[in-house]
Amino acid sequence: MNKDSLSKWKSLASDELKGKPLESLNWVSSENIIIKPLYTKKDLESVSHLDELPGLANFSRGPRATMYAGRPWTIRQYAGFSTAEESNAFYKKNLVSGQKGISVAFDLPTHRGYDSDHPRVLGDVGKAGVAIDSVEDMAILFNGIPLDQMSVSMTMNGAVIPIMANFIVVAEEQGVSKSKLTGTIQNDILKEFMVRNTYIYPPEPSMRIVSDIIEYTSSEMPKFNSISISGYHMHEAGANLAQELAFTLADGKEYVRAALSKGLDIDSFAGRLSFFFAIGMNFFMEVAKLRAARLLWARIMAEFNPTRESSSLLRVHCQTSGVSLQEEDPYNNIVRTSYEALAGALGGTQSLHTNAFDEAMGLPTEFSSRIARNTQLIMQEELGITKVIDPLAGSYYVETLTEQLAAKAWEIIQEIEDLGGMTEAVASGLPKFRIEESAARKQAAIDQGKEVIVGVNKFKPNQKEDVEILDVDNVIVRRTQIDRLRHVKATRDNELCMKKLNDLEITCKTGEGNLLGRAIEAAKARATVGEISYTMEKVFGRYKADTKTLSGVYQEAYEKDDSFLKIQEKANLFTDKEGRRPRILVTKLGQDGHDRGAKVIATAFADMGFDVDVGPLFQTPEEAAQDAVDNDVHIVGVSSQAAGHKTLVPVLIEKLKILGGEDTIVVCGGVIPKDDYPFLMDLGVKAVFGPGTNVLDAANNLLDILMNK
């Protein structure tokens, strides 16, 4: 392109803009990257990776030389619910229909190291994943699925030791040597302390668990990926893409250091590290994110001087965003997921999960899961994108974005290094604070209409769509699990089981031996997930996070907004009338650690004039009721994402009455199916706020309820 052509284009653009400057078309992304309306060859002059080829360092163009032209990405749908029997049947149907690998979702009690009979997990068993209490459950889960032929991915972090032990024991009892097992265990505990919160033990012993698993799998399971370092949950918690990249790769660097501290050679384990990213709705930025991730990981690994090129290769699984799914106009979610999946494929993911359109309301049905899976089959078979290696290579826009996003992420990584690495950064609370701030800013932009979501804050439908929702009967599942637990304990050699648990406890105390190796012996003796976890907890302790909130984000975003000021005025009127500010307790009941919604509500309501108490994670209904009465709150707001509301909210309301808090208003918000609203209202819940609710509308509604009591 010559200067005359550029000059002519600028003149045409100016005419079309009617005198407005060309810069008026610029926009600034949440990563603080200025996006121009036009990119040209000149923009590529500062891009350093253009001459790379696929399969060669620094891998920006993909991890394999032939990419999808040689073999398409793996369709790996994440699923699990209710009992092991039901999940097993679901897996088998999907495998027959074209799925190539199994990705297991465990329920929250399993994640948190509790057996299904523990009193703290009343409303959680089988709800957000499959309940696994013992080797017997794991055997049913994989019954008829040959583990020497099937790649298995397990999203597990807190109770990673007993779950991995159970999996290995089941494989061996199937006749499959652990050396033949392929797949991935997530084993990424640092991100749990930042966002997802399904931790059990404090950071230091948790890092020991990570390194012990890497050590064990490196020597005993050469085909198995010992860790999947996850940015997905950071993205879903509200991180922008630069933060997701930086914090994920900084976590990876910390895990490499932990493995090296065990005396391992870098090349003995680096090739089995894998990564996990979310794919959201900023299409080209998501493509650039995966390319930048491979560039940056190669740069990080160079610091450890590997001798194998494959040790510097970032392998990645992706999943379409759950946060982008909306309850309003839900069939739009099929389109959103399709675009996100395409971005993941064009970015070069090795495997992919596509979310079902109904997951903003509950667990996916068989109908919605089929559409989600077929989305990938259509991409592979009909779009033609698997016929060309890296089709977006050389794009002025994508290559420039890759370079800019990598630079932004690298700045954050260096900041983490200056703090002493990711463990120190997590302890300081910096990553968690940054992500929560980003989430609050994003929600404020959505509430203001600055960020459009079709069907939610623009182009709203005239009528509601009725969508079938999968409802898991938690009471029946829990009863089934408790019966099986009793049978396991009644038929095992209890003396042998207790001895193996004691051996594990000694290893925890002394540091001598490998924790996973000891847990495998305990699992063979039929020690349960809860027993193995508690044995370790006796030595390591159970971690409790400090609950912190930020303020000022909504105040800044709505500084001169009339609707925001009117809500503040209404809150002031209530204060004048009652002699104190409206007070709300925001609580998460049960074992659900996803607290993005709760934190956003706490931040926004505080800026609007409420006194906000945020309950600690993992409260029982009884504990939340006691907090509400002790602190004399006007409102208890229950944030639900794991479908436990039908079991836990009735207990909360009953306990409030017993404690003298019968006048306390109870409201619910989060992923709650519309069909559950009447049930909750009949209990006495005054309002239910589903996904896509405008936070200002929610605050205004609550103030009306308070003032009209």
Exceeds 12 heavy-atom contacts within 6.0 angstrom, atom NZ of Lys566: no
Smallest separation among heavy atoms of Val477 and Gly126, with atom names: CG1-CA, 4.0 Å
If the test is side chain to side chain contact (heavy atoms under 4.5 Å, CB included), which one of Val553, Thr603, Leu550, Val195 qualifies with Glu436? Leu550
When rounded to the nearest 0.5 angstrom, what distance separates CG in Leu696 from CG in Asn701? 12.5 Å
Is the shortest heavy-atom distance from the side chain of Pro431 to the side chain of Met422 under 4.5 Å? yes
For residues Ala698 and Thr693, report the shortest heavy-atom separation together with the two atoms involved. CB-CG2, 4.1 Å
Measure the CD-OG distance between Glu359 and Ser369 for me, rounded to the nearest 0.5 Å. 7.0 Å
For Arg583, run the salt bridge (Lys or Arg N to Asp or Glu O under 4.0 Å) check against Asp613, Asp627, Asp632 and tell me which one passes. Asp613
Partner residues of Glu451 under the salt bridge (charged side-chain N to carboxylate O under 4.0 Å, His left out) criterion, sequence neighbours left out: Lys442
Going by the angle between their ring planes, with limits at 30° and 60°, are Phe574 and His634 parallel, tilted or perpendicular? perpendicular
Hey, is CD on Glu468 packed in by over 12 heavy atoms from elsewhere, all under 6.0 Å? no
Checking Asp107 against Thr110: is there a side-chain donor and acceptor pair closer than 3.5 Å? yes
Step-by-step side chain to side chain contact (heavy atoms under 4.5 Å, CB included) determination, Leu702 to Ile584: CA-CA 10 Å; Leu702 290 188; Ile584 182 171; 4.1 Å; yes
Under the rule for side-chain contact (heavy atoms from CB on, under 4.5 Å), what residues qualify as partners of Ala293, not counting sequence neighbours? Leu245, Phe277, Leu314
Flag if over 12 foreign heavy atoms under 6.0 Å of CZ, Phe283: yes
NZ or CZ of Arg542 within 45° of Tyr114 ring axis and under 6.0 Å: yes
In plain terms, say whether Arg336 and Glu340 are close enough for a salt bridge, that is, a side-chain N and a carboxylate O under 4.0 Å apart. no
Go through it in stages, so that I can follow the logic: the residues are Glu31 and Lys408, the test is salt bridge (charged side-chain N to carboxylate O under 4.0 Å, His left out), and I'd like the CA-CA distance, side-chain angles, deciding distance and then a yes or no. CA-CA 8 Å; Glu31 296 77 21; Lys408 289 286 184 185; over 6 Å; no
Given the rule in the salt bridge (charged side-chain N to carboxylate O under 4.0 Å, His left out) test, do Lys674 and Glu327 qualify, once you have shown the distances and angles that lead to the verdict? CA-CA 9 Å; Lys674 290 269 195 233; Glu327 181 184 42; 3.7 Å; yes
Residues two or more places apart in sequence or in another chain: which of them pass ring pair (Phe, Tyr, Trp, His ring centres under 6.0 Å) with Phe193? Tyr199, Tyr543
Give a yes-or-no answer on whether the side chains of Gln243 and Arg434 include a donor-acceptor pair shorter than 3.5 Å. no
Report yes if the side chains of Tyr331 and Pro461 come closer than 4.5 Å at any heavy-atom pair, otherwise no. no
